[in-house]
Peer 1: 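Shown below is the structure under consideration.
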Amino acid sequence: MAKPSVDKELCIGCGSCISVCPECFELDDEGKSSVIAETCDCDLEEIVLGCPVQAITVEDKEEK
Ligand code: SF4
């Protein structure tokens, strides 16, 4: 499991991440992507690569 985060300074609100994974991302009031899930099961690598401005980073949550 991994937790993504969005740099809202970079996000241009293209909606790409939201279309791939609406369970984890939604547009906030300012039209920027917002992470709404604590951890995501979706294909975060695809989402990170699909962001046109590299606004998404992923923090791995290793189970210990
Ligand atoms: Fe913002 Fe990137 Fe998501 Fe597009 S893909 S909405 S620029 S975080």
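All values below come from the heavy atoms of this structure, side chains included, with hydrogens, waters and symmetry mates left out. Just so you know, ligand 1 is whichever comes first in the structure, and atom 1 is the first atom listed for that ligand. Residue numbers count from 1 along this sequence. Because the structure is predicted, anything quoted here is derived from the model rather than measured.
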Peer 1: Any idea which protein heavy atom is nearest atom 4 (Fe) of ligand 1, and the distance to it?
Peer 2: C14 SG, 2.3 Å
Peer 1: Which protein non-hydrogen atom lies closest to atom 6 (S) of ligand 1, naming both residue and atom, and how far is it?
Peer 2: G15 N, 3.3 Å
Peer 1: Given side chains that start at C-beta, do those of F25 and V35 come closer than 4.5 Å, heavy atoms only?
Peer 2: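 When only atoms from C-beta onward are counted, V35 and F25 do touch, with a gap below 4.5 Å.
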Peer 1: Evaluate the side-chain proximity of V20 to D43: yes if any heavy-atom separation is below 4.5 Å, no if none is.
Peer 2: no
Peer 1: It should be assessed whether the SG atoms of C42 and C24 lie less than 2.5 angstrom apart.
Peer 2: no
Peer 1: Out of all atoms in ligand 1, which are within 4.0 Å of some heavy atom of V53? Include the element for each.
Peer 2: 7 (S)
Peer 1: How does I12 reach ligand 1, by side chain, by backbone, by both or by neither, if only non-hydrogen atoms under 4.0 Å count?
Peer 2: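 It is both backbone and side chain that touch ligand 1.
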Peer 1: Which ligand 1 atoms does I56 reach within 4.0 Å, using its non-hydrogen atoms?
Peer 2: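 Near I56, the atoms of ligand 1 are 8 (S).
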Peer 1: For a quick test of reading the model, state the closest non-hydrogen atom pair linking S33 to K8 and the distance between them.
Peer 2: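 Scanning both residues, the minimum pair turns out to be O-CE, 3.6 Å.
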Peer 1: Which residue owns the protein heavy atom closest to atom 2 (Fe) of ligand 1, what's the atom, and how far is it?
Peer 2: C51 SG, 2.3 Å
Peer 1: Taking 2.8 Å as the cut-off, does C17 contribute an N, O or S atom near atom 3 (Fe) of ligand 1, distance below it?
Peer 2: yes
Peer 1: Are the side chains of I56 and C17 in contact, using a 4.5 Å heavy-atom criterion?
Peer 2: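 Yes - at least one pair of side-chain heavy atoms lies under 4.5 Å apart.
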Peer 1: Taking the side chain as every heavy atom from C-beta outward, state whether K32 and V6 have any pair of such atoms under 4.5 Å apart.
Peer 2: no
Peer 1: Does C11 bring an N, O or S atom to within less than 2.8 Å of atom 1 (Fe) of ligand 1?
Peer 2: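 So C11 counts as coordinating atom 1 (Fe) of ligand 1, yes.
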